[in-house]
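Below: one structure, written as structure tokens.
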Amino acid sequence: MELTDQETTRRDNLAKIRALGIEPFPAASFPVTHLAADILAQVEEDEEGKVTNLQDVTLAGRIMSQRIMGKAAFANLQDSSGRIQLYVSRDDIAPGEDKALYNDLFKKLIDLGDFVGVKGFVFKTRTGEISVHVRELTFLGKSLRPLPSPKKDEEGKVYDEFKDPELRYRMRYVDLTVNPKVKETFRKRSRLITAMRQFLDDLGLMEVETPVLQPIHGGAAARPFKTHHNTLDVPMYLRIANELYLKRLIIGGFDGVYEFAKTFRNEGMDRTHNPEFTMVEFYVAYKDYHWMMDTCEQLLEHSVRAIGDGGSTEVTIDGKTIDFRGPYRRLTMADAIREHTGEDIEGADEAELRAIAERLDVHVDKTMGRGKLIDEIFGERVEASLVQPTFITDYPVEMSPLTKKHRSKEGLVERFELIVNGKELANAYSELNDPIDQRARFEEQLQLAQRGDAEAMAMDEDFLRALEYGMPPTAGIGIGIDRLVMLLTGQKSIQEVLFFPQMKPER
RNA sequence: GAGCCCCUAGCUCAGCUGGCUAGAGCACCUCACUUUUAAUGAGGGGGUCCAGGGUUCGAGCCCCUGGGGGCUCACCA
């Protein structure tokens with residue numbers, strides 16, 4: 001392995017630390033009493049600006065910068081909560097005759113990125129910065145590679161930023177270390193999932209796990225990843241959805257189930273698509289899609305409050321303010337198209353829809369049936385203009401093979417999608433529980449497949465058998481977690497909300 | 001899949017119309033400095049200019065091929 005001069009220096013320093021009798025990778029625990037952010041939040045001062053509390057604190061982290069001035073020095077320590085300045089003076093950390101701990105270890109052998117533990121007291125410097133005056137210094141771990149070192153000037157302008165997306169995603173550990181905002185995005189993601197889980201638990205639902213490896217991929221229209229089970233000698237698929245398994249659990253007698261599900265689709269990758277992504281799906285017996293709209297509003301309002309500043313329900317993205325406080329506007333698909341294009345699709349047959357599509361300059365092709373045509377018109381001419389959370393309801397039956405037929409409107413199903421900032425965020429139904437109808441829908445899917453629709457759904461005989469045993473009326477929903485996090489953190493690409501987005505193999 | 005752009009030091013980037021030994025800031029090394037904060041001052045080291053081929057007296061720069069990356073557009077969440 002070819003080492004750069006800086007890497008060589010660090011390895012030399014490692015050896016010199018050992019030579020001083022200090023273990024560069026110590027095994028023992030280092031109990032910490034405070035985090036950097038706690039200190040900055042808790043510090044108290046008297047009238048003269050003297051710090052009156054926090055006179056015995058222990059913290060640990062990486063040294064991120066050093067300003068050495070002879071027999072004293074300042075450094076910045078970064079822990080999981082943020083950064084705080086350290087003041088280190090020679091005679092404090094090395095009170096005896098032997099000044100090696102300061103002169104050698106601290107001044108020369110500690111490199112930026114090394115882990116140290118410090119014990120000391122909090123004070124305020126002449127320039128007014130809350131700092132920790134170090135009394136004891138413990139070496140906790142060597143860093144053999146130099147970190148990128150972004151710097152900020154007085155105006156907050158950043159120099160030498162570590163911003164190459166490829167390097168940031170490939171070496172997320174470096175990205176997280178040097179770009180504090182990145183950490184904040186992932187904290188929000190975690191808080192969001194915690195808040196959603198809490199809401200669903202409080203609703204009385206049970207968290208479950210269903211197979212990721214499936215013999216038949218069902219529940220959505222997408223190309224799967226295919227693999228092979230050696231012992232059984234059968235093909236297996238990574239799930240493209242977990243819907244059909246969750247419904248089997250409803251059939252089995254659980255009244256409400258949910259799953260945060262990693263889902264896999266073998267399709268294109270771009271800034272809104274990663275081959276694996278996360279959905280939360282939940283199904284509740286004896287409910288319909290109206291109930292689900294109410295619940296969806298409450299869930300999102302609760303979750304956005306939980307991660308927002310001061311419990312706000314508002315999010316700003318691209319200069320637009322989006323408010324997640326319910327109730328959301330509810331609009332049938334036909335009304336939405338009428339409102340945005342002036343065209344009436346209600347009762348239109350395939351030929352009339354084709355004519356409407358052409359008038360609206362929407363690209364269509366011969367394989368598209370009625371449902372697909374309506375979907376295209378909506379997707380091209382309406383969806384992008386729905387910025388505030390909006391439920392679009394009552395979809396054409398052809399596009400929704402797992403959804404119950406509308407209780408009063410011919411040719412439609414009881415389905416809604418939640419559109420926010422022009423993008424689909426959730427998809428929900430009154431679930432189809434009539435096994436005869438379900439078999440007929442699967443057969444229609446087979447016909448669509450023969451007509452050339454690559455996304456048509458496959459027949460699942462075991463699922464049909466389950467339905468034939470009887471399924472209660474049920475409402476179900478799937479919410480895309482990654483896109484929700486993108487919205488709530490103002491990120492434009494899915495890679496920014498996944499710790500380790502899929503990349504081409506290195507080299 | 002199509003179009004446009006990018007690849008130069010550990011990091012961020014200059015590099016003119018093809019012309020001296022390829023530059024800057026930070027980082028790194030040496031020295032000084034006990035309240036600095038993009039610390040400062042003095043000195044120093046560090047390059048397969050993405051790779052290969054071509055044009056040329058001469059290529060970081062022009063041409064070709066390949067690799068890697070980004071953005072925009074079309075399809076899927």
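Quick note on labels: first sequence line is chain A, next is B, and so on, each numbered from 1.
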Worksheet entry | Audit row: A/Glu45, A/Lys50, salt bridge (charged side-chain N to carboxylate O under 4.0 Å, His left out) steps and yes/no | CA-CA 5 Å; A/Glu45 305 166 31; A/Lys50 262 196 87 170; over 6 Å; no
Worksheet item: So, A/Asp46 and A/Thr52: side-chain donor and acceptor under 3.5 Å apart, yes or no?
Response: no
Worksheet item: What is the base-pairing partner of B/rC33, counting Watson-Crick and G-U wobble geometry with both distances under 3.5 Å?
Response: none
Worksheet item: Base, sugar-phosphate, or nothing for A/Asp91, non-hydrogen atoms under 4.0 angstrom?
Response: base
Discussion item. What is the distance, to the nearest angstrom, from the CD1 atom on A/Ile93 to the P atom on B/rU34?
Written reply: 15 Å
Fill in: Distance in angstrom units between A/Lys16 NZ and B/rC29 P, rounded
9 Å
Worksheet item: Please give, in whole Å, the distance from B/rU12 P to A/Asn179 CG?
Response: 11 Å
Pairs under 3.5 angstrom, nitrogen or oxygen only, protein versus nucleotides 3-9 of chain B, please.
none

Discussion item. Does the plane of the ring in A/Phe416 sit parallel, tilted or perpendicular to the ring in A/Phe391? Use 30° and 60° as the thresholds.
Written reply: perpendicular
Worksheet item: Counting just side-chain N and O atoms, does A/Lys163 come under 4.0 Å of either OP1 or OP2 of B/rC13?
Response: yes
Worksheet item: Just how far, in rounded Å, is C1' of B/rC11 from CG of A/Leu112?
Response: 12 Å
Practice prompt. Using only side-chain N and O atoms of A/Arg170, determine if any of them is under 4.0 Å from OP1 or OP2 of B/rG69.
Written response: yes
Worksheet item: OP1 or OP2 of B/rU36 sitting under 4.0 Å from any side-chain N/O of A/Arg126?
Response: yes
Worksheet item: Which residue, A/Ser149 or A/Ser493, contacts RNA chain B at a nucleotide closer to its 5' end, judged by nearest heavy atom?
Response: A/Ser149
Worksheet entry | Of A/Gln85 and A/Phe264, the one whose closest RNA chain B nucleotide lies more 5' | A/Gln85
Worksheet item: Is a side-chain donor-acceptor pair under 3.5 Å present for A/Gln78 with A/Arg83?
Response: yes
Worksheet item: Do A/Asn421 and A/Lys320 have side-chain atoms, one donor and one acceptor, less than 3.5 Å apart?
Response: yes
Practice prompt. Check whether any side-chain nitrogen or oxygen of A/Lys108 sits under 4.0 Å from OP1 or OP2 of B/rC28, and answer yes or no.
Written response: no
Worksheet item: Is there a salt bridge (charged side-chain N to carboxylate O under 4.0 Å, His left out) between A/Lys99 and A/Asp104 once you walk through the steps?
Response: CA-CA 8 Å; A/Lys99 303 297 183 190; A/Asp104 297 324; over 6 Å; no
Worksheet item: Is the A/Phe186 ring parallel, tilted or perpendicular to the A/Phe499 ring (thresholds 30°, 60°)?
Response: parallel
Discussion item. Expressed as a whole number of angstroms, how long is the span from A/Phe162:CZ to B/rC11:P?
Written reply: 8 Å
Worksheet item: Near RNA chain B, which residues from residues 47-81 of chain A have a heavy atom under 4.0 Å away?
Response: A/Arg67, A/Ile68, A/Met69, A/Gly70, A/Lys71, A/Ala72, A/Phe74
Practice prompt. Give the rounded distance in Å between these two atoms: CZ of A/Arg271 and P of B/rC75.
Written response: 13 Å
Item to complete: Check A/Lys188, A/Lys181, A/Glu496, A/Arg189 against A/Thr489 for a side-chain contact (heavy atoms from CB on, under 4.5 Å) and give me the one that passes.
Response: A/Lys188
Worksheet item: Roughly, in whole Å, what's the span from CG in A/Asp270 to P in B/rC71?
Response: 10 Å
Worksheet item: Sequence neighbours excluded, which residues qualify as ring pair (Phe, Tyr, Trp, His ring centres under 6.0 Å) partners of A/Phe463?
Response: none
Response to the item:
Between CD of A/Gln6 and P of B/rC26 the distance, given in whole Å, is 14 Å
